[in-house]
Each structure stands twice: as structure tokens, then as C-alpha cells.
Amino acid sequence: MTGELYACVRAAEFPAQALLRLRPDLQGEAVAILEGRPPLETICSTDTGAYRKGAVHSMTRVEAEAIAGLRLHPRSLENEASARAVLLEALGHFSPRIEDASTGTVSVGVLDIFGMEKLFGTPEAIAQRIRTALKAAGFNASIAISANFHAARLKAAFTRGIAVIPQGNEADALAQLPVKALELPQDQAETFASWGIRSLGELAALRESDLVTRLGADAQGWRELALGVRAHVFRPVVPAFQLAESCEFEMPVEQIESLLFVSARMIDCLVARATGRALALAVLSAHMKLENGQEHQCSIRPALPSTDRKFLLKLLQLEIAAHPPPSAVMALTLSAEAGQTSKVQLGLFAPPTPEPSKLDVTLARLKALVGADRVGSPVLDDTNRAGSFQIKAFAPNEKDVTSNAPYPRIALRRMRPPLPVRVEVQDMRPIFFRDRTTHYAIDTAFGPWRTSGCWWTVAGWGAEEWDVLATSETGELMACLLACDRTRTAWRLEAIYD
Amino acid sequence: MTDGAYVELHASSAFSFLEGASQPDVLIERASEIDMPAIALADRNGLYGAARFHTAAKRKGLKAHIGAEIAVSSFGSRLTPPAWLPHKHKPEPPRVTLLCTSQTGYQNLCQLVTRFKMRERKKTEGAATLEDLEEFSDGLICFTGGDEGPLAAALARPNGPDEARQTVDRLGAIYGHGNLYVELQRHQLREQESRNQAALDIAANLGLPVIATNGVRYAKAKDRELLDVLTAIRHKTTLDRAGRLLTPNSMRYLRNAREMAALFADIPEAIANTRRVSDRLDFALNDLGYEFPRYPVPDGEPMDEFLAKRVEEGVRKRYGSQAKRHLLDKARAQVKHELALIRKLGFAGYFLIVWDIIRYCQQHGILVQGRGSAANSAVCYALEITAVDPVGMELLFERFLSENRGEWPDIDLDLPSGDQREQVIQRIYERYGAHGAAMTANVITYRGRSAAREVGKALGFEEETVARLSGLVGHWEWRGANDTMERHFEQANLDMRHPKIARYLELCGRMLDIPRHLGQHSGGMVICAGMLNRVVPIERASMPGRAVIQWDKEDCADMGLIKVDLLGLGMMAALQDCVELIPRHYKKEIDLAALPEDADVYASLCKADTVGLFQVESRAQMASLPHNAPVRFYDLVVQVAIIRPGPIVGKMMHPYMRRRQGKEEITYPHPSLEPVLKRTLGVPLFQEQLLRMAMTVASFTGAEAEELRRAVGMRRSMQRMKDLEGRLRAGMTANGIGPEAQDSIVQGISSFAMYGFPESHAASFALIAYASAYLKFYYLAAFTCALLNNQPMGFYSPAVLVDDARRHGLRVHPIDINRSDWLCTVEREADGSQSLRLGLNYVRGLRKSSAEALLAARNQDGPFRSVDDLALRVPALNRSEQTALARVGALNWLEGVKDRRDALWQMEEAGRPVGPLLRSVKTDGINLHRQTPLRRMSTEERLVADFAGVGVTTGPHPMTYHRSTLRGRSVRTAAELAGQRRGQIVRVAGYVIARQRPGTAKGFVFLSLWDETGIANIIIAPDDFERNRIVATNCRLLQIEGPLQIEGGVIHVKARHIVPLEVSKVEIRSHNFH
């Protein structure tokens, strides 16, 4: 038996719904969700209370703050993604075939419910049950059921509650909907407006041949949509391929070795699932629930996706050693992101480079020793601020850029971090300085070299640098760079000239 | 070290467009503060700020050296950070600094800039070559430049020292070793000092002198912030992303001698040389070498004699008629006096050249009329430069030209706007050569809106926020306490507590008046004998075929450059059209110079029936016309002049109007002034009266009186004003005028002189105003047609003009593709009357080329028979043009077309592209089987289509359809207001066609509300406006309730309640005066 029956479930104002389902304390309040960068956020979603108070989309934060009793929250895309997953999962109880037709702040799922009557009853009953299930999951949604996919989708957008379109009555059911429901290109929308065609019923009343001769082949599709007869190739959502394994412990685990023992088995399973799809593990994350109620997380990211269990386990061991959980572990979830297995083709004449897996292990060891943000390649920033750089992931294949300075430069050994010093100044020039141990008399000072910038932000800076030749109490000569942070009047020994 | 020991010889102002942050006068101010005796301006590739710099320096008693930074493409690219440092610098040529030692040097610099600017095909920066430098090197001193210079660029290259030496050698070869200085700048940057040391080596090796400059980009260190913003704007990026494009510190300010001496303590000769070079820079802008061209007089006759003959011919022509013969002797005496002065001042050539332009216009049928103070001159009248008879009207010549003024006369010519004005401009280019004439520039500066927009972008605000804010800034002429930037920021919902927003606001304020780029003045043209490019650099304008000088109108005046203003006046174009339309359609010839004084025309003016008329159509004019009730030409002269900020602020308007209505006694400050003030009922209104008052009561000469007028007009010349007041009082005492009368006269002069209006100018405008009134009264179809064909102009939109004409009985026909031309046309009705047909130019979205193709097809093969016929014969019409024509009803008269929707339906099919097989198949007749399934447009839909597609409806006014509903709400029509009681609370509704907040009205807002019976005048008090700001500013259709004010036949509704009226979606544009 073949046939079609679709239920379109439409959850509007989804950012607000996604928040409210997790925050029962906000139920009944006027809540608006803001998106955008501060201080220029605008409202992207509201609940009914907020709407009643006059909060509308695109309203700025300042305008919204003027509405008494309105509670403002920032938008969380992660929250929405997980809420959407929950929504789809809830819908999955009614049909294994779901098409995700979400747009913007509206979450839409269309279910293929043909044949489900035997399980759940009449279409009305199915819609009611879906609505109830969603309500329990914390969502408000309008539902339209039709034998035509698009009819269900269009009707749901203009329905509050439940609408069931009897088969064969699609055209009548859609006739009153405005033409804008079709979301036509602007010029076509203007054409229909100039023709005085306002509703789908009026559009459907036009002859197909008349429309096609005037507006082209697309018009046939619009008319079919208006009549509720447009065919649709259903694209069911492929369930997300999630690589995750979890284990709860009867007793809190304090020993890392015990944890790794279990992890080894879990990595085995993950690797097996990944290799079954010809994939490898690109990222492996360990999420731990701790005895003290906290959670602890760490992850490893090999240079190349890998299926080497021992290698992955070693990296995980180093990572956990570098970031040990502060308390005993109650539950462990290992999740992985899959990546394509890849091989590196080495050049015949290229200089040998370290094996990626070994390099990863070495880098992981270094990170464990000095901290993750201190391992990588330094990259200079585009700023006038001296020595400003950021650490980017180590990339051994990058070409080395050598300076083509026309004349020799003196090498400078930067102190990292700079050494605070006390400086005595006379006639605005430094004459002595002292670090923790030694007192230096400044013989010659060149400068001051002045730089400043970012005056338009709170991170504004200003520096005054001196190149000095100094002699210590013991007669030791030193050429160094002293710098004064002009925003705080703090002197530091920045570098020593070689 | 004394403060005078250092002279800054390398300063760039904000006229280095986005590369300098201080105005020239601010640099001068700062130089004066730090006791610097001289300073040199060197802006990027031009002398844009030189005139202002010179003028400001003159005021402060400083020496202003003139120079420029000149980009030289032959030296490769300027210094940028090395490749291993991330940066966003784009390649630009390095710039040398050139300073003028003499007039020759200045002329060479001007020619050099002109050479490379004009070498470009369009407006752009451009760059000189070494050959250019060689050609124009005399009289110039060259510095090797700072970080922007070729020496720094060469030093950074792989073979740095050698290349640098070669670069300096080449410059030395061009300018000579005595004129080349190795420039050293110390901005306290390590890399720069490294280059300085290399430069010192090169200077020592080549035996060249070194010179210290600070490469100044702003007056004070704090201004570095503004420069950073300008840098971000220049590179179209944000401050956050600009990185190394921004200056590394704030050291490029104007430093005093002590600071510079300390910086260059190790190279004292670099400082000493600044003074030596300054002493060598003899040139100042006083000596431009400008000369107005000589008129090519035939047979070598002296210009003065030639002019006298032309004037005599003119006098005979102008005053030879019976009506004016009584003025002939007086006119001859006047022109004799004027010619003597013109001869003495050597201005004969100027008058002849303007006369030449007038002759050209006359020979080519171009309407032209001189305006402004030139109308005071009998010579100008005789030469037909002006149309106002100064002898008959007893206008005062000294207001135009006086011996002591020391400046050239200023003649403005009004021409029909559009092609004819362009024709005259091109004629001047042809006659005086590409380097002999150019348009004056218009310096575009940052105003509230542009500052908000560009600073916002530089600070990284989102486009939407910036657009919202800039949309709110800078609206009205009136600026109330609430019209501050702060207020606009709040209205844009920006949180002023946020430091970033506060910084935004502050920067916007500092950006105001900073030059953004150079535009082209609307009509000012400078003409020069010989080469204008030696006087001021000339560069390409954005408009093809146009060149502009680097100075604006005021700069030209300050520098003594003579310009002729060729101003495009829409009404002149309309009058010109009338002169052609009237003989064709009314079979009557019309001579605009000899229109009769007509009582009916004045009666219509008295009724304020002035929609579409020149100068007297504004709302304020309409409100005053019934009070002043003009019945002769001079009344109209007063009328034109009185509704101006000057008389209003000077509190002259109401006394005059009360006296005019007989409500106030006519008195004079002193009996001797009666002849001077009699025409204006004892109230001084015109600048000429001020002159005559001084001449009468204090025995001033004409020149002295003019000096007094100018002194009063300038706020800053307090000392001069005091001297003149002393002389005025002494003169009055000598003439036996008592102290009280003296006080009254001095007070009178002071109060209005600043704002007074030249009587001659008012008379010139009044002539055009009367002509427009006359033509509207007697030739309504032609006049309306001409007005519609010369839009945009005036106070009212075409919709209002058409509606007004229809209320005066003119039939206006809609656009019809078989009858309409491109322009609106006059048609003849069956009863012999004239009517108006809207032209295809009113169809929005219809290209002129498509319309011309349509008209060509119609002229060739006759009218279009059907929609298919149109589509087939005019393939140039694209789909949107076809639907535009159908939507506005232009196809309604084709066979087989029932209505607009039917036309649309048919056009959509006929207009679809067909394959080659069917393209040649002609459709004979109409496809009668096609029945449109679309319903007819409703009235509302039709009106919406009319106003959206044409901007005008030829059917009933949109409000007509809602009148019964509105009556139910007790809403009255504009016409009904006349029958109501004063003070009665009334309710009116209509489309807002004009919003004004004049600077003189203390925050009051004036709205014009248009309905099917006319225009209702609304006044909104400042408080009411604040309460209803958004509705009053944004809504197009309003319902307003308030008490009625009726005064002397002038009716206003004082708005108390303002609500938007939601009855129609018709979009009618309002004319908002900002």
C-alpha cells in the first residue's frame, strides 16, 4: 500500500522556547532573546509575555530595556542545537522519517506519518499526541496534517494549534493564505501584487498555461503549491552519527590508570565504529562527572585523524596527566569527532620531518609541561605594539620567512616575561636601574622611542623605550632595552642586546 | 634657543584629504601660540588649503610659506613595513616636499600639479614623473621627505644606501645642490632614527645641507586620534583592523622650537637651516600674478572706448522708448559716472567679457539674466547683462562697485538649468582654453550625518546602527536644545553610558568641518588671461569634460580671482520653454522683457495663489502675501526680499507689514531720511538703503558707505566698525542731527545690515517672479507644462502642481503611449482650449533611450494598435518598462485593452522573449480570445499605481475618496477652514507635502497638509513637536486637531493633537527643508 500523509510541526520563536524549556523559573515571565555583539544587540525572539508588552524583533537592547518587566537573555546557539535535537528526537517517536525544514528562528520538522494511523489513531489524534509530547518536552508548536507535504508546511505557518486538511481539500484549505506564504522572489511578488493577486486561492484560480506563458516554468510550481498538489521528494534527516561511549562507575575512581583502563576499551569501540565507516578519530574528548558535582573535560586533537588505539590512549593519558580532574570521577563519557583517515606523502628529496604521531606526542608532553597556550608557532600581530604576537598551532610545513633587511641587525633577547625594574630618572632620562639583585648605572641612554595605540578601546596602550648601556656594581657591562608602560608608569627590562 | 629659531617647513593640513587632521587656520593658530614666526604648508598633491592658510596667517601676522608634497611615480613605491611584518599598506608613490621661493616657483608648482592631475583621464590622485619635476623646477626648494619620501623608500630597499644616494643625486641634479635639503624627522621611532643616520651619511658624503622638520599632520598631539580615524576611512577599514596603517605614536604635532631643538640637539644645523630656508622663501600668496583676460577689441581700439560705445548703444536702446525717454539724460549721466570708475579701476575687460557671454546666449536663444548687485549698475543694464532698470528704480551703484573696496565686481548670471547652461560653460572653455578657465571647487566637508556614518564605520559599528544614526542626524535648519548629537545618539538607541559610544560621539564632534574631498561648485567659473594653471592647480572633476581649480569660491574671492557665476535656475528654463510654447499653442508672441503690469496678475498674487511661482510660492510667502497685497512691481520687490532670515531676525518684517496694512503710523528716524526710506514705509529693508542713509545723514561718500556696510556685516571687524561709527556720528553731528536720532539711526543700521538684502537682487528676482505669475495667469497650460518639464524645482512636487493647475481649470491628460512625447506637451481641446498631456519622462523606470525608441517607432509606422504591436515594434522596452507603462495606464487606449490590469496581463505575455522562429511573425489585429482573469484595479490600487509609477494622478485627489469617512470624524477640508471662527478647534487631514523648521522660527515646525481642496497650513509648537516628533516627521498622512488662527486672511491650524491617518497606502513625497 502506498500513499502520503505528512504532519508539519512548527515551533516558532525557537530561541525563546529553547531557553524556557530549561528554565522553568522563567515560565510566565516576559522573556526576549537578544542576538548581536554588545552593545548593539537586538531582539531575535520573544515569548508571549514579552510580545504582549510590546517587544518585537529587531528592537535594540536600549529600547527593550525601556520595557518594564522584560527579561533579556542572550541567544545561545548551542542551547538551540540541543533543543532542536530533543525536538527531533521527540518527533522521532512518531515517525522514523522526519525532514528538517527549519529556517531562522523557526524550527520546523515534517513527519512522514503515512501508515501511522494504526499505531497512533486518526490524523487528529496523531497531531494531538505529537502536541502533547512536545508540550511535555517543553515546546509549543503548531501542527498541520495533509497528504501533501507543502500543503502541510504552508498551513502550519498560518495555524495556531492543529489543522488537518482532508485529502482532496488542499486547495480550499490554502485558499485564504496570503501569497507571501510562498516566499516568492521579490520581482514575482511584485508582479502578483500588481495583478491584484493577494491570496493563494486567487493565484490558484489562474490558468496554468496563462501563468507559464507570462511568468515562466516556475509559475507552474507556485500554482501547484497554491493548489496543494506540489510533489515533494522527502529528504529525511539522517540521524546524526555520534561517536560517544559512556560509562558510569559504581565507585568514584581516583586512579588515572583505572580510568585509562576503561578508556582503552571505550577507544577500541569508538575506533571500531569509525573504521566501520572508513573514518578515523579527529578529536577525542573526555567528559567526566566528578564526585564533588563538578564536571571535568579535556580533549585531544591529533595532527592527523588516527585509528591507532595505543597512540590515542597515550595522548589521552598525557592530556589527563596535564589536566587531572580535581576530584574522583563518577562517570566518563568519551566522545569523538570523526575525520577522514589520511596519509602524508613525504617528498623523496624533502628533508625528513618528524612523524606526525610522534610530534603530537611530543607536543602533548610539552603542553603538559608548560601549558597549552604556550606551545605552537608565534605569529606577529598587525599592530605597532612592540612584541605583540599570538601563538598559533604548530605548523612545521610553513615556509620560513627570512628577513631581507639591507643592513645587519642586532639580535635582541626578549625577556619573557619582562623583568620589573626600578628606574631612577633625571631630566626625564633614566640614570640608574635596579632589578631584584643588581644595581646598574646607566652610561648611555638612547631614546625615548615612543609608541601608543588602541586609544579607542579600554585596552589602550602607550610605551616609552630606552636603549641603554649600563654598568653594574661589579663592573659588568650590559646593553639592554628598558621600557616604561606609560599607562601605569611601570618600568621593565624588556630585552638584552646580544 | 629662542622660539623663533625653528620654523616648521613641512606641515600637512586636513586638505591632504584624510592624511591630515587639522584645518590650515588651526595650524596657524597653533604656530601663533608657540611663537613660530613662519610655517610652511605642504599638502598632498595640491594647494587646496593654501588660500585659507595664507589668509589665516595674514590675520595672525605670520609668514605662510606655500608648498606641496608631490607624489613621484619614478621613485617606485614609498616606504612600507617589511614583508615579514603583517600589514595592509598598499603601494603608493613616494612624495617629495617642494616649497616656493618665488612667484616663478609658485607658478611652476601649480603647473606641475596641473600637469600630472590633468594627465589622468578621470579624477584621481595622480603622480608626477622626474621629467615633470625637471620641467617645473625653477624657484622651488626640495626636501627629500620624511617617511613618505623617496629617500626613506630607497633606504629600505635591498641595496638601500646606494639607491638612496642615487635618489638624492637625481633630485640634486633637478633642483641644484643649493635647493635640495636632506630632510630629517624625529618622531621618536627607532627605525626612523636608523634611516636618519643613513641620511646624515649621505648628506655628508654629497655635501648637502640637512633640515629638520616634524612632518606635521595635526596641530596638537590629541589630534592624532582624528588622524587615525581618517586613516581608517581612507583605507576603508576599521580602527581595529587598520594595524600598522595607523601612526605608531602621537608625535607628528606642531612642536615648538624648544622641543625641536632638544630633539635635534646633536644636529643643530638642521634646526638653524629651517630659519635660513624660511628666509629664502620670499613668496607669499599676495602675489599670484593673476590677470583677468583682455577682451579682444577689434582694430586695436582701447577697451574703455569700445565699452563706452557698446554702453551708449545700450542706453539708446534701453531708454530710447517713449516710456523711458524721460530717464535718458539721467541714465547717460549715470553711465558716465560708472564708466569713469570702471576706467579708473581697469575693469572694462571684465564687463566686456560678461557682455560677450550675454551676446552668445542671445545669439543662441538662451535666456540669461544677471542678478545680485550687478543690477545696481546702469552699465550692466545697458549691456543687457541685467534686466532691472537701476535708473528708473533709483538703485545705488556703489553697492555694486566702489573705488575703495579693492575687489573685483561680482556678476552672477542666471541661466536655464540643464543643457543650455552646460552649453555656455563649454563655450567659455573653448574661448579661453583648457588652462584659461575652470570651475571653482566645492570643498566637501564632514557634516553631522557623514561624520556619524564614517566614524561609526571606522569604530567598527554595524552598518545598520550607523545607518540608523546617520538617518537621524542633521535634519532641520532650526537647531533646538534637543537637536544635539547626544540626542540623536539616544534616539538611535545607543547607550551613551558605554565608553565606545561616548568616544564615537566625541569623535563625531571633532570630525565636523574636516574636508572629505573636492567637489565642483554649481556655477562659479574662474577665467584667466594666459594660464590659469600658473595661478592655481587645475584638476579633473568627476564630471567628464570638466576641470576644477583647487580652491573654492571663498578662497577665490580672498585671493582676488575673478569668477563669473553661471547659475542654473529651473525657473529660467521654465520661462524659456514658455517663450517657445506660447507662440506655438496660443498663437501669441511673448516678450518677457516687456510684460505689462497687470492688475489681475497682482490680484492673484494678493490672494496668495502662487503655487509654482518663482520665489513667492513658499508657505511663508503665501502667509504674508495677503498682508502685503502687492499691486505694483516694487511691492513685489519688497515681497521677495522681506521673507528672508535677515528682515525676520532684524524684526523688520512685521513693522513693514503693519505699516503696509495701515495699522501703524509711518515714521522715519530723521526727516532727512524720508526720501531714502519712503518706498519701504520708513522701514530699512535693503542694503542700498543703509548706504544711502549713511550718505544722507553723515555725508558719507558712496565708497565710505559701502565700507560701512561691509564692516557691519563682518562680526570680527569690531575696531573697524567702531572707527566708522565714530565717523558716522561725527557726520551726523555736523549735519545737525541730535543724539537721540543718531542712536536710533546707528541702532537701525546695526540691526539690519548684517542680514539686509540687496535691493537690486530682489528686483532681479522680482522680475522673474512677476513673469512666472503672469504666465501662470494667462498661459496656464504652457506654464504648467514648462514647470513639469523642468522638475525638480521650487517648493511643490509635480502632484501638487498638477492638482493646483486642475483647480485653475486646466485639463490634464494621463500618459498615453500613442499621444505622449518624452516631455509633457500642450494639447488643443475640441473647444479650442489648451490642455496638458503628461510625458513619458514621468514614467518611473522608463529609460529615455527606450522612450525614444518608442517614439521613433510611433513616428515611423503610426500609432500602436495593440499590446502585441507595441512589444513587437519596440524591442528596446524591457519587461519592467513594459509593465511600468501598463501599470500607470499608458496602454489603456490600445485596442483590446479594457483596463490597466488587462494591459498588464497582455503585456506579460506579449513581452516574453520568443525564439527566432516566431520573432518575425507579425500579429495582425488583436487576440480576442485572451480574456483577462484579473479584476480591475480598485481606486486605491489605481492611485497607488499612479503615485508610485508617475508621482502624479490625473484623476481625483486621493483624499476625495475618503471624504465621507472623514466627515464622519468631523474632519474639515482645507477650503472649509476659511469659513470657521478664529480660535475654533478644528480637525483637518491630508498628505504632508512640506515640512519646515526655519532657523528664524525658534523651533516652530510648519507643515503643509494637502487635500482635494488645497493646502492647509499647520503650525506645531516646539513642545508639541517634541511630543509628536516621530509621527510629525515620518508619517505621510496626518490628522491634526487644534485651534484655528486667522489673521488678515491667512489661516493656520495650531496643532494640538497629531495622529497618523491610516486610510490609504498612496505614497506622496514630502518636501522637507533641512
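Letters A, B, ... mirror the listed sequences (proteins, then strands); counts begin at 1.
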Evaluate side-chain contact (heavy atoms from CB on, under 4.5 Å) for B:Thr883 paired with A:Thr191, printing each intermediate quantity in order.
CA-CA 9 Å; B:Thr883 50; A:Thr191 299; over 6 Å; no
- Item | Residues, nucleotides or ligands: over 12 heavy atoms within 6.0 Å of B:Arg844 CZ | yes
Only residue of B:Glu909, B:Glu908, B:Gln906 satisfying side chain to side chain donor-acceptor pair (under 3.5 Å) with A:Arg214 is B:Glu909
Residue set satisfying ring pair (Phe, Tyr, Trp, His ring centres under 6.0 Å) with B:Tyr504, at least two apart, ordered chain then number -> B:Phe461, B:Phe489
Honestly, the part of A:Leu206 sitting under 4.5 Å from a heavy atom of chain B is side chain
Under a 4.5 Å heavy-atom criterion, the part of residues 241-251 of chain B in contact with chain A comprises B:Arg241, B:Ala242, B:Gly243, B:Arg244, B:Leu246, B:Thr247, B:Pro248, B:Asn249, B:Ser250, B:Met251
Closest heavy-atom pair, A:Trp455 versus B:Val229, reported as atoms and distance to 0.1 Å, is CH2-CG2, 3.7 Å
The reported gap from CH2 in A:Trp456 to CG in B:Asp228 (rounded to nearest 0.5 angstrom) is 6.5 Å
Fill in: Over 12 non-hydrogen atoms of neighbours within 6.0 angstrom of CZ in A:Arg413
no
Residue from B:Arg503, B:Arg887, B:Arg224, B:Glu225 scoring the most non-hydrogen pairs under 4.5 Å with chain A is B:Glu225
Whatever's closer than 4.5 Å to a heavy atom in chain A on B:Met907 counts as neither
When every non-hydrogen atom of B:Lys88 is compared with those of A:Asp382, the smallest separation belongs to NZ-OD2, 2.7 Å
When rounded to the nearest 0.5 Å, the distance separating CH2 of B:Trp84 from CG of A:Leu380 is 7.0 Å
With chain B, the option among A:Asn384, A:Asp381, A:Leu215 that has the most non-hydrogen atom pairs under 4.5 Å is A:Asn384
Among residues 939-950 of chain B, residues within the sub-4.5 Å heavy-atom range of chain A, in order of number, are B:Glu941
Turns out that what part of A:Thr383 lies under 4.5 Å from chain B's heavy atoms comes down to backbone
Honestly, the part of A:Thr42 sitting under 4.5 Å from a heavy atom of chain B is neither
Cut-off 4.5 Å, heavy atoms of chain B, and the answer for A:Glu464 is neither
Residues passing the ring pair (Phe, Tyr, Trp, His ring centres under 6.0 Å) test with B:His89, sequence neighbours excluded, are B:His87
| What do you reckon, is CD of B:Gln197 surrounded by more than 12 foreign heavy atoms closer than 6.0 Å? | yes
Check your understanding: Given A:Thr457 and B:Leu239, is the side-chain contact (heavy atoms from CB on, under 4.5 Å) satisfied, shown in steps?
Key -> CA-CA 10 Å; A:Thr457 69; B:Leu239 286 165; over 6 Å; no
Okay, A:Ala193 and chain B: the region with an atom under 4.5 Å from a heavy atom over there is backbone
Whatever's closer than 4.5 Å to a heavy atom in chain A on B:Gln192 counts as neither
**Prompt:** When you look at B:Glu193 and A:Phe446, which way does the side-chain contact (heavy atoms from CB on, under 4.5 Å) test go after all the steps?
**Reply:** CA-CA 10 Å; B:Glu193 190 51 32; A:Phe446 299 96; over 6 Å; no
If one checks every heavy atom of B:Arg190 against chain A at 4.5 Å, the contacting part turns out to be both
